[in-house]
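To start, the structure itself, in structure tokens.
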Amino acid sequence: MARILIDLPEHFVFSTEIPIYISHINYGHHLDNAALVGLVSESRVRFLNSLGYTELDVEGVGIVVADAALQYKSEAFHGETLVFAMAPADFNKYGCDLVWQATEKVSGREVARGKTGILFFDYQAKRPANVPTGFKARTAGLS
């Protein structure tokens with residue numbers, strides 16, 4: 001089986017710190033994969049909030065997660081703090097990828113990297129919506 005390989009941008013436009021709680025740890029005593037997906041979701045919400053948006057209101061439309069991929073680089077443990085860096089990439093008519101990297105704050109060790117494909121969505125019409133021009137303009141020079 002081919003492995004997922006995720007290229008990172010030259011620079012990230014947003015970062016946030018999230019501590020690893022005991023509830024994020026699995027029976028192997030390291031960060032659980034499902035918990036990592038939740039931490040990435042929290043990072044996405046914080047990124048949108050930093051731009052003045054929510055997941056349900058980006059210039060009048062919402063977003064849905066269309067796909068997600070991640071690549072593990074090392075373990076992470078209870079008590080560590082992860083720094084999630086994020087940047088938009090690969091815009092298309094209806095969405096883009098949010099590329100991210102998680103590193104351990106103190107050591108700088110890379111824990112994981114990934115991308116989340118977001119689709120802009122008109123919840124009232126129940127159909128995909130074009131990428132809002134304001135969102136694209138505000139993030140075009142960021143990645």
Side-chain angles (χ1 to χ4, degrees), residues 1-123 127-143:
M1 174 174 88
R3 295 286 171 234
I4 293 172
L5 298 175
I6 297 166
D7 294 323
L8 298 177
E10 287 188 29
H11 75 281
F12 291 95
V13 298
F14 173 80
S15 68
T16 189
E17 297 179 4
I18 303 177
I20 299 176
Y21 298 130
I22 194 66
S23 61
H24 298 137
I25 301 302
N26 65 16
Y27 61 88
H29 305 289
H30 56 235
L31 179 63
D32 185 81
N33 59 21
L36 176 60
V37 172
L39 296 175
V40 171
S41 294
E42 176 66 25
S43 299
R44 182 182 63 249
V45 168
R46 292 180 185 189
F47 170 64
L48 291 171
N49 287 169
S50 77
L51 297 170
Y53 302 130
T54 68
E55 290 189 301
L56 292 176
D57 186 9
V58 178
E59 316 260 337
V61 296
I63 67 162
V64 294
V65 172
D67 55 44
L70 60 90
Q71 181 182 7
Y72 294 99
K73 295 293 191 171
S74 67
E75 294 176 294
F77 303 96
H78 175 250
E80 292 181 328
T81 297
L82 296 182
V83 177
F84 286 86
M86 191 167 282
D90 298 325
F91 280 90
N92 61 53
K93 183 177 180 179
Y94 298 114
C96 65
D97 286 336
L98 296 178
V99 180
W100 56 268
Q101 179 183 42
T103 56
E104 196 279 320
K105 181 180 177 179
V106 174
S107 68
R109 178 185 79 250
E110 185 177 17
V111 172
R113 61 175 65 184
K115 61 183 183 173
T116 303
I118 60 170
L119 173 74
F120 291 91
F121 196 77
D122 182 333
Y123 280 93
R127 61 181 174 79
N130 290 341
V131 174
T133 56
F135 178 84
K136 192 167 187 177
R138 289 182 73 188
T139 60
L142 299 181
S143 57

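Here the structure is a predicted model, which means the values were calculated and not measured. Below, all heavy atoms of this structure are taken into account, side chains as well, without hydrogens, waters or symmetry copies.
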| message | Could you report the tightest heavy-atom contact between Val40 and Met86, atom names first, then the distance? | response | O-CE, 4.3 Å

| Pair Arg46-Ser43, side chain to side chain contact (heavy atoms under 4.5 Å, CB included): steps then yes or no | CA-CA 5 Å; Arg46 292 180 185 189; Ser43 299; 5.7 Å; no

| Polar side-chain atom of Tyr123 near backbone of Ile63 as donor-acceptor pair, under 3.5 Å | yes

| task | Name the orientation class of the two ring planes belonging to Phe84 and Trp100 (parallel below 30°, tilted from 30 to 60°, perpendicular beyond 60°). | result | tilted

| Distance-minimising heavy-atom pair for Ile20 and Ala76 | CD1-CB, 3.5 Å

| message | Whether Arg138 engages the ring of Tyr53 as a cation-pi pair (distance to the six-membered ring centre under 6.0 angstrom, angle to the ring normal within 45°) should be assessed. | response | yes

| query | Donor-acceptor pair, Gln71 side chain versus Ile6 backbone, under 3.5 Å? | reply | yes

| query | Backbone N or O of Lys73 within a donor-acceptor pair of the Arg109 side chain at under 3.5 Å? | reply | no

| request: Identify the two heavy atoms, one from Phe12 and one from Val99, that lie closest to each other, and give their separation to 0.1 Å. | output: CE2-O, 3.8 Å

| message | Side chains of Phe135 and Leu51, heavy atoms from C-beta outward: is any pair under 4.5 Å? | response | yes

| query | When you look at OH of Tyr21, are more than 12 heavy atoms from neighbouring residues, nucleotides or ligands closer to it than 6.0 Å? | reply | no

| Is there a donor-acceptor contact under 3.5 Å from the side chain of Asp90 to the main chain of Asp97? | no

| said: Taking Glu110's backbone N and O only, do any of them form a donor-acceptor pair with Ser74's side chain (distance below 3.5 Å, no angle check)? | reply: yes

| said: Taking the side chain as everything from C-beta on, heavy atoms only, tell me whether Ile118 gets closer than 4.5 Å to Leu98. | reply: yes

